[in-house]
Q: 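Here you go, one structure.
Indexing begins at 1, ligand by ligand and atom by atom, following the structure's order.
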Amino acid sequence: MTFDRKIKIAPSILAADFANFGAECEAIEAQGADWVHVDVMDGHFVPNITFGPATCAAIRPHIKGVMDVHLMIAPVDPYIDAFAAAGADVITAHVEAGPHIHRTLQAIRAAGAKAGIALNPGTPASAVEPLLDMIDLVCVMTVNPGFGGQKFIDMTDKVRALRGLIGDRPVHIEIDGGVDPDTAPLVAGAGADVLVAGSAVFRGGSVGNPAPYGDNIRAIRAAAEGVYA
Ligand code: DX5
Ligand code: ZN
């Protein structure tokens with residue numbers, strides 16, 4: 001994985017056909033996705049359950065690029081090695097998931113993955129400040145995590161504050177929740193470079209008819225690049 005601040009579109013397979021993850025990952029990459037975003041939920045940290053490391057390992061051979069694993073689970077630490085072994089390039093944990101986020105980030109890097117930290121809408125940018133030199137990505141949640149298809153919560157000020165705190169460090173700012181061609185410019189203009197989108201990528205398409213995925217990805221990218229500073 002190389003670092004850059006170009007806009008990257010990361011479709012969330014939470015909005016894909018769960019019976020067809022391999023083919024869905026191949027379809028979105030063929031249609032222009034930069035990263036594949038994988039939402040892991042435990043029914044405890046968030047009120048929904050998706051899947052775990054075995055599913056991540058199963059889909060890994062179907063992803064050529066970056067596999068971006070977003071852990072919405074608590075505790076995190078007992079499962080880090082399993083997600084790294086499953087082939088995650090980025091492992092993101094929530095700062096709200098436990099009392100020892102510093103230890104968690106150390107463990108993610110020790111396992112050989114890039115370390116991400118996610119902030120719920122109610123958590124301030126300042127929570128990341130002591131951790132800036134141990135992260136590769138900060139994920140700003142623009143919905144309360146747990147479900148796809150929710151309404152975007154404007155976190156533009158938080159994104160701008162994080163961009164200032166990050167300075168020249170090679171740390172991505174990722175936005176997750178309610179991203180579409182209308183909301184993408186707000187966060188891209190504030191300094192975000194990785195845009196996760198579930199519903200707005202998968203709507204209208206399927207494995208059998210993947211062209212709408214490409215149209216949707218291009219629409220989000222164009223909207224974001226129009227304002228990206
Ligand atoms: C929310 C997940 C997101 C979400 C994105 O808990 O982390 O990745 O599914 O889906 P949309 O784009 O539909 O809001
Ligand atoms: Zn996510």
Q: Pull out every atom of ligand 1 sitting under 4.0 Å from any heavy atom of M72, numbered as shown with elements.
A: 6 (O), 7 (O)
Q: With only distance considered, is G149 within less than 3.5 Å of ligand 1 through an N or O on each side?
A: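 G149 vs ligand 1: N/O contact under 3.5 Å present.
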Q: Ignoring hydrogens and geometry, is there a side-chain-to-backbone donor-acceptor pair from R103 to P99 under 3.5 Å?
A: no
Q: As a test of reading the structure, name the N/O/S atom of D176 that is nearest the Zn ion (ligand 2).
A: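 It is OD2 of D176.
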Q: For atom 6 (O) of ligand 1, what's the nearest protein heavy atom and its distance?
A: G146 N, 2.8 Å
Q: Is it true that D34 and K6 make a salt bridge, defined as a side-chain N closer than 4.0 Å to a carboxylate O?
A: no
Q: Is the backbone N or O of I7 less than 3.5 Å from a side-chain atom of E225, with the two atoms forming a donor-acceptor pair by type?
A: no
Q: Going by atom types alone, do T183 and D180 pair a side-chain donor with an acceptor below 3.5 Å?
A: yes
Q: Report the atom name of the nearest N/O/S atom of H37 relative to the Zn ion (ligand 2).
A: NE2
Q: With respect to Q150, determine whether any N or O atom, backbone or side chain, lies less than 3.5 Å from an N or O atom of ligand 1.
A: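 No.
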Q: Specify the protein heavy atom at minimum distance from atom 1 (C) of ligand 1: its residue, its atom name, and the distance to 0.1 Å.
A: F147 O, 3.7 Å
Q: Hey, looking at atom 13 (O) of ligand 1, which of S199, G198, G177 has the closest heavy atom?
A: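 It is S199 that holds the nearest heavy atom.
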Q: Can you list the atoms of ligand 1 that are under 4.0 Å from a heavy atom of H37?
A: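 Ligand 1 atoms under the 4.0 Å threshold to H37: 8 (O).
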Q: With the Zn ion (ligand 2) as the point of reference, which N/O/S atom of H70 is the closest?
A: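 It is ND1, the N, O or S atom of H70 closest to the Zn ion (ligand 2).
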Q: Inspect the contact between D89 and R60 and indicate whether a charged nitrogen and a carboxylate oxygen are less than 4.0 angstrom apart.
A: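 A salt bridge links R60 with D89.
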Q: Near A197, which atoms of ligand 1 are under 4.0 Å from a heavy atom of that residue?
A: 12 (O)
Q: Check each atom of ligand 1 against the heavy atoms of P145 and keep those under 4.0 Å away; list them by number with element.
A: 6 (O)
Q: Check whether any side-chain N or O of R160 sits under 3.5 Å from a backbone N or O of G164 as a donor-acceptor pair, and report yes or no.
A: no
Q: Going by the order shown, which atoms of ligand 1 are within less than 4.0 Å of some heavy atom of V196?
A: 8 (O)
Q: Using the side chain to side chain contact (heavy atoms under 4.5 Å, CB included) definition, which of the options L195, I63, V194 pairs with W35?
A: V194
Q: Considering non-hydrogen atoms of the protein only, which is the closest contact for atom 3 (C) of ligand 1, and what is the distance?
A: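 Looking at atom 3 (C) of ligand 1, the protein heavy atom closest to it is D176 OD1, 2.8 Å.
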Q: For the Zn ion (ligand 2), which N, O or S atom of D39 is at the shortest distance?
A: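 This residue's closest N, O or S atom turns out to be OD1.
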Q: Just which atoms of ligand 1 are under 4.0 Å from any heavy atom in H70?
A: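 Heavy-atom distances to H70 below 4.0 Å select 7 (O).
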Q: One residue to check: S12. Relative to ligand 1, which of side chain, backbone, both or neither has a non-hydrogen atom less than 4.0 Å away?
A: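 The answer is the side chain of S12.
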Q: Sub-3.5 Å donor-acceptor pair from the side chain of T50 to the main-chain atoms of D39, do we have one?
A: yes
Q: When you measure from the side chain of N216 to the backbone N and O of P212, does any donor-acceptor pair fall under 3.5 Å?
A: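 Yes, because the side chain of N216 sits within donor-acceptor range (under 3.5 Å) of the backbone of P212.
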Q: Among D4, D193, D136, D68, which residue meets the side-chain hydrogen bond (donor to acceptor under 3.5 Å, both in side chains) test with H172?
A: D193
Q: For M141, is at least one N or O under 3.5 Å away from an N or O on ligand 1?
A: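 No.
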Q: Looking only at the side chains, is there a donor atom on one of D77 and H100 sitting less than 3.5 Å from an acceptor on the other?
A: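 No, H100 and D77 have no side-chain donor paired with an acceptor closer than 3.5 Å.
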Q: Between H94 and F45 (judged by ring centroids, cut-off 6.0 Å), do the two rings come close enough to count as a pair?
A: yes
Q: So is there a nitrogen or oxygen of M41 less than 3.5 Å from a nitrogen or oxygen in ligand 1?
A: no
Q: Return the residue, atom name and 0.1 Å-rounded distance of the protein heavy atom closest to atom 14 (O) of ligand 1.
A: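 Atom 14 (O) of ligand 1 sits closest to the protein heavy atom G178 N, 2.8 Å.
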Q: So which protein heavy atom does atom 9 (O) of ligand 1 come closest to, and at what separation?
A: L14 CD2, 2.9 Å
Q: To the nearest 0.5 Å, tell me how far R221 CZ sits from K8 NZ.
A: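 So the gap between those two atoms works out to 9.5 Å.
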Q: Distance check below 2.8 Å: does C139 bring an N, O or S atom to the Zn ion (ligand 2)?
A: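 No, outside the cut-off.
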